[in-house]
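Worth knowing before you read on, the calculation uses all heavy atoms, side chains too, and leaves out hydrogens, waters and symmetry mates. Since we're looking at a predicted model, the values are computed, not measured. Chain A is the first sequence line, chain B the second, and so forth, proteins listed ahead of strands; every chain is numbered from 1.
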There are 2 protein chains.
Amino acid sequence: MPHNHAHDHSLSLFPTDDHDHSDCTSNLMSYAEQFCEKKGLRLTKLRRDILKEIAASHKAIGAYQLLDSLAANGKKLAPISVYRSLDFLQEAGLIHRLESTNSYFACQRNFEDDERACTNEPLLFLICDDCGTIGEVDGTAIESLIGDVTSKAQFAVERSQLEIRGMCLSCQQSETPGASHE
Amino acid sequence: MPHNHAHDHSLSLFPTDDHDHSDCTSNLMSYAEQFCEKKGLRLTKLRRDILKEIAASHKAIGAYQLLDSLAANGKKLAPISVYRSLDFLQEAGLIHRLESTNSYFACQRNFEDDERACTNEPLLFLICDDCGTIGEVDGTAIESLIGDVTSKAQFAVERSQLEIRGMCLSCQQSETPGASHE
DNA sequence: CTGCTATATGGTATATTGTAACATTATGAA
DNA sequence: TTCATAATGTTACAATATACCATATAGCAG
Ligand SMILES: [Zn+2]
Ligand SMILES: [Zn+2]
Ligand SMILES: [Zn+2]
Ligand SMILES: [Zn+2]
């Protein structure tokens with residue numbers, strides 16, 4: 001998972017084909033442990049298992065697809081159980097929900113300052129329509145411009161999640177698109 | 001419906017409580033007629049009825065809610081019929097779908113140049129969480145900043161629809177929120 | 001440790017949103 | 001008119017998400 005420090009303003013890059021994804025997952029899982037510990041949140045076995053399953057790629061996964069994956073690993077669950085864990089993980093800012101596709105993916109931003117999380121941050125997602133890979137970008141940069149618009153309209157922003165759809169570099173280059181490059 | 005001319009770059013304002021909404025609907029309906037005529041699209045009775053129903057407010061309406069409204073007016077339809085009309089209207093750029101709530105609302109931008117429509121425009125919606133009213137803003141202003149981000153990531157943008165949630169001025173002012181002010 | 005309380009999970013049924021497949025009807029052009 | 005295409009009707013079903021109540025577990029008071 002592309003690691004970006006809490007207080008630099010460099011942009012996260014789109015996950016590349018050749019990055020070491022085991023870093024992404026281990027970083028996220030250890031961050032999740034620390035974060036929940038500090039916040040007094042209970043990262044139970046079920047929640048941990050589900051988070052790990054989601055973090056297995058930078059693609060978004062549907063709730064029922066997740067159910068199937070967990071069932072294949074021996075964990076037969078009812079939909080409600082998965083949705084409850086998804087709710088928990090989402091409120092903790094450890095995963096995000098793609099509203100354009102009703103699916104869930106792991107947060108790609110590890111904050112060094114463990115007080116912070118991706119809960120009320122302005123979110124900006126780049127979603128490859130071809131391979132499904134998602135790049136998560138610090139949205140604070142666009143906050144000011146959106147602020148211009150919303151202040152003109154005297155609109156009090158509560159939450160902004162911007163989902164940009166298009167094609168990632170890898171899929172642009174391979175003219176045999178659809179190939180999984182995670 | 002707040003009228004903004006095609007080639008000025010002023011921002012549409014959030015619909016106010018006291019605006020004359022009959023203007024919004026009549027503007028939209030006549031624009032829809034002209035636009036479909038020019039494009040060779042067939043604005044059938046069903047599609048017209050559904051568009052009119054959606055345009056009755058600046059709030060988003062769910063497909064099944066729409067079904068119920070039409071049934072109350074004597075038109076009993078199957079879901080698929082509504083969804084097909086919704087697809088048509090959406091592809092024509094006459095309505096938009098809120099991805100965060102699976103609901104539909106009428107486009108608030110009438111283009112004087114009838115060749116244009118809200119199909120591939122960058123879209124920016126301000127959605128009041130309290131009363132549901134939606135303000136539609138020209139998103140081209142933020143395109144450049146998003147362009148900065150996406151070009152850094154070498155990501156080819158296909159479509160951007162930005163849904164900003166918060167509270168409109170009217171709901172901020174009335175401390176008895178939830179009141180319908182459309 | 002024991003019992004109490006709050007939180008998490010299980011189990012069953014159901015609500016909500018959206019489509020597939022095929023028949024019928026309406027439209028527009030030859 | 002006749003034919004081809006597009007639109008709508010009809011029925012069944014898929015995909016996503018939640019309500020409700022029972023059970024289990026974790027953390028704490030005594
Ligand atoms: Zn990775
Ligand atoms: Zn891709
Ligand atoms: Zn209006
Ligand atoms: Zn409002």
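- Between T101(B) and R84(B), the residue anchored nearer the 5' end of DNA chain C, judged by the nucleotide with its closest heavy atom, is T101(B).
- At the heavy-atom level, R47(A) lies under 4.0 Å from the strands shown only through sugar-phosphate atoms.
- In DNA chain C, stems built from 3 or more consecutive Watson-Crick or G-U wobble pairs, each with both distances under 3.5 Å, span C:1-30 with D:1-30.
- Using the six-membered ring where Trp is involved, H19(B) and H58(B) have ring planes that are tilted, between 30° and 60° apart.
- Taking every side-chain heavy atom of R42(B) into account, dT27(C) is the closest of dT27(C), dA20(C), dA8(C).
- For the pair L67(B) CG and dA15(C) C1', the computed distance is 15 Å after rounding to whole Å.
- In this structure, CZ on R47(B) lies 11.0 Å from CG on L94(B), to the nearest 0.5 angstrom.
- No more than 12 heavy atoms of other residues, nucleotides or ligands lie within 6.0 Å of CD in E37(A), so this atom counts as exposed by the packing criterion.
- At least one side-chain heavy atom of L46(B) sits under 4.5 Å from a side-chain heavy atom of L77(B).
- Here Y83(B) reaches the OP1 or OP2 of dG18(C): one of its side-chain N or O atoms lies under 4.0 Å away.
- Atom CG in D68(B) sits about 10 Å away from atom P in dT17(C), given to the nearest Å.
- Of the residues Q161(B), Q90(B), E163(B), E136(B), the one that meets the side chain to side chain donor-acceptor pair (under 3.5 Å) test with H96(B) is E136(B).
- Considering Y104(B), F14(B), F105(B) as possible partners of F125(B), the one that fulfils the ring-ring contact (aromatic ring centres under 6.0 Å, His included) test is F105(B).
- Rounded to an integer number of Å, the gap from L46(B) CG to dT25(C) C1' is 13 Å.
- The interatomic distance linking L77(A) (CG) with dG11(C) (P) rounds to 9 Å, in whole Å.
- Between the P atom of dA20(C) and the CG atom of D87(B) lies a distance of 10 Å, rounded to the nearest Å.
- The two residues S100(B) and I127(B) come nearest to each other via the heavy atoms OG-CD1, 4.3 Å.
- To the nearest angstrom, P of dG18(C) lies 11 Å from CG of L98(B).
- In this structure, CG of N102(B) is placed 9 Å from C1' of dG18(C), rounded to the nearest angstrom.
- For T44(A) and dT9(C), the shortest distance from a side-chain N or O to OP1 or OP2 is below 4.0 Å.
- Distance check: L162(A) CG to L124(B) CG gives 8.5 Å after rounding to the nearest 0.5 Å.
- Phosphate proximity of dG18(C) to R97(B): present, with a side-chain N or O under 4.0 Å from OP1 or OP2.
- Between L43(B) atom CG and dG28(C) atom P the separation is 12 Å, expressed in whole Å.
- Along DNA chain D, the stretch of nucleotides lying under 4.0 Å from any heavy atom of chain A spans, 5' to 3', dT16(D) to dA26(D).
- Here the straight-line distance linking atom CD1 of I134(A) with atom OG of S103(A) works out to 6.0 Å at 0.5 Å rounding.
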